[in-house]
Protein chains: 2
Amino acid sequence: MLVAARELLAERGLEALTMRALAERLQVSPNALYSHVAGKTALIDEILDGVLAEVEAPPADLEDPVAGLDSLMASTYGVLLAHAELVPLFLARQGARGPNAQRLGDVMLALLARAGVTGRRAREALRVLLVYTIGFAAFATRPPIEASGAREPPSAEMLANFDSGLGWLLTGIVSPSR
Amino acid sequence: MLVAARELLAERGLEALTMRALAERLQVSPNALYSHVAGKTALIDEILDGVLAEVEAPPADLEDPVAGLDSLMASTYGVLLAHAELVPLFLARQGARGPNAQRLGDVMLALLARAGVTGRRAREALRVLLVYTIGFAAFATRPPIEASGAREPPSAEMLANFDSGLGWLLTGIVSPSR
DNA sequence: ACCTGAACACCGTTCAAGT
DNA sequence: ACCTGAACACCGTTCAAGT
């Protein structure tokens, strides 16, 4: 059922992911799905969390926690772009919940702690980094609102721009608070 | 019709904004609404753009364009928080379209130009600032995904955190490119 | 355990017709 | 110009019943 949902999403997009369409693809009646999942949002949560399994942990030989955060968020960004059709769902659900999201959050907090950022400030930094990453993926994925012309695919330039902003944020996060 | 929609939104939230509910509130049949607006998303676009009219332009006696951007984004953030129930819509629509959004974008681009940021880099900076501001409003507005405990209202601390990140971003944006 | 038939309570939108 | 009645083509979900 999860794989059928992902196929549907990949082939026909977000709006086509409907319990009824999913049932039809599985050659089953719509309500049969409720024997396997609590509801549509539970299904979506499972899909989103599954995608996060693709995020790569920073290389173990990295001694610099800030470089680790940089690497981790860049990987997350890449995974989001690779599943562009899901980005609006990540936005709507403000991330994901589930074991993979939990693990990702823990890794981020550990890296922040190693960088000397703890407690409330660490939780705030985590929020900012997630907002930035998911938000950027959303804008890279769909045309910007001032749509002036060409609709480009996620470009190397866009990725570079993401990296710049990420660097600015990380610098600020680990700099001494005012 | 627009005021009725805003009332519905304020009183009963996002999910209650339905063409049928709106029609009922206006004591009119659902399809009658289509004499006044092209469809539901057109209605939403009008509402979102209307909210942006509340954003205050930076004070005219500010000679520093970066301070102007700081002020402008802070005002935008405040307006978004004041309409928390609309933030998910801003996310979904990735901003707003309409005269007010247009004007806001133009002011931002003018300030960026005065700060020496033009062309593609200016458009990217605009995107980043919007992503950051809307994304932060979304996270300030609803519980974060790692929801560890208390659900706080948008706090002074959250606003301070927004300001910090905004400062980091602005610093990076106007610093010479690598 | 997992499915079906039937239904409930909704949606947004269109069309023809009325005033 | 602005409205209505009726309908279309959908949704997610529940319930009772079957195997």
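Convention: sequence-line order gives letters A, B, ...; per-chain numbering from 1. Computed over heavy atoms, backbone and side chain alike; hydrogens, waters and symmetry mates excluded. None of these values were measured; they are calculated from a predicted model.
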Q: Could you state the atom-to-atom distance from CG of A/Leu33 to P of C/dC3 in whole Å?
A: 8 Å
Q. How many angstroms lie between CD1 in B/Ile44 and CZ in B/Phe90, if you round to the nearest 0.5 Å?
A. 11.0 Å
Q. So which nucleotide from D/dT14, D/dT4, C/dC3 ends up closest to the side chain of A/Tyr34?
A. D/dT14
Q) Can you tell me how far the CZ atom of B/Arg25 sits from the CZ atom of B/Arg12, to the nearest 0.5 Å? A) 8.0 Å
Q. Atom CG of A/Leu52 and atom CZ of A/Arg103: how far apart are they, to the nearest 0.5 Å?
A. 8.0 Å
Q.
Tell me which residues in residues 40-48 of chain B lie within less than 4.0 Å of DNA chain D, going by non-hydrogen atoms.
A. none
**Q.** Of the listed nucleotides D/dC3, C/dG12, D/dC11, the one nearest the side chain of A/Arg20
**A.** D/dC11
Q) Phosphate oxygens OP1/OP2 of C/dC10: is one of them under 4.0 Å from a side-chain N or O of B/Thr18? A) no
(Q) Testing the basics here: between B/Leu112 and B/Ala122, what is the closest heavy-atom pair and its distance to 0.1 Å? (A) CD1-O, 3.6 Å
Q | Interatomic spacing from OG1 in B/Thr41 to CZ in B/Arg97 - rounded to 0.5 Å | A | 9.0 Å
Q: Determine the Euclidean distance between corresponding P atoms of C/dC10 and D/dA9; express it in Å to zero decimal places.
A: 22 Å
(Q) Is B/His36 close enough to D/dC3 that one of its side-chain N or O atoms is under 4.0 Å from OP1 or OP2 there? (A) yes
Q: Name the orientation class of the two ring planes belonging to A/Phe162 and A/Tyr132 (parallel below 30°, tilted from 30 to 60°, perpendicular beyond 60°).
A: parallel
Q. How would you label the contact of B/Ser29 with the nucleic acid (heavy atoms, under 4.0 Å): base, sugar-phosphate, or nothing?
A. base
Q) Among C/dC2, D/dT13, C/dT13, which nucleotide sits nearest the side chain of A/Ser35? A) C/dC2
Q | Whole-Å distance separating the CD atom of A/Glu24 from the C1' atom of D/dC10 | A | 13 Å
**Q.** Rounded distance [0.5 Å steps], CD1 in B/Ile173 versus CG in B/Leu129
**A.** 4.0 Å
Q: Please answer whether the main-chain N or O of A/Ala67 pairs with a side-chain N or O of A/Ser71 as donor and acceptor at a distance below 3.5 Å.
A: no
Q) Got a second to check how far B/Ser164's OG is from B/Leu169's CG, nearest 0.5 Å? A) 11.0 Å
Q: Return the residues of residues 5-16 of chain B meeting this criterion: a heavy atom under 4.0 Å from some atom of DNA chain C. Order them by number, or give none.
A: none
Q | First encountered from the 5' end of DNA chain D, between A/Ala21 and A/Ala38 | A | A/Ala21
Q. Dot-bracket, DNA chain D: Watson-Crick or G-U, under 3.5 angstrom, [ ] crossing, | other strand?
A. ||.|||||...|||||.||
Q: Taking the side chain as every heavy atom from C-beta outward, state whether B/Val87 and B/His83 have any atom pair closer than 4.5 Å.
A: no
Q) Can you find a heavy atom in the side chain of A/Thr171 that is under 4.5 Å from one in the side chain of B/Trp168? A) no
Q | Length of the CE-P vector between A/Met1 and C/dA1, whole Å | A | 18 Å
Q: May I ask you to test the A/Asp70-A/Val66 pair for a side-chain heavy-atom distance under 4.5 Å?
A: no
**Q.** Nearest-Å distance for atom pair CG/P, residues B/Leu17 and C/dC10
**A.** 16 Å
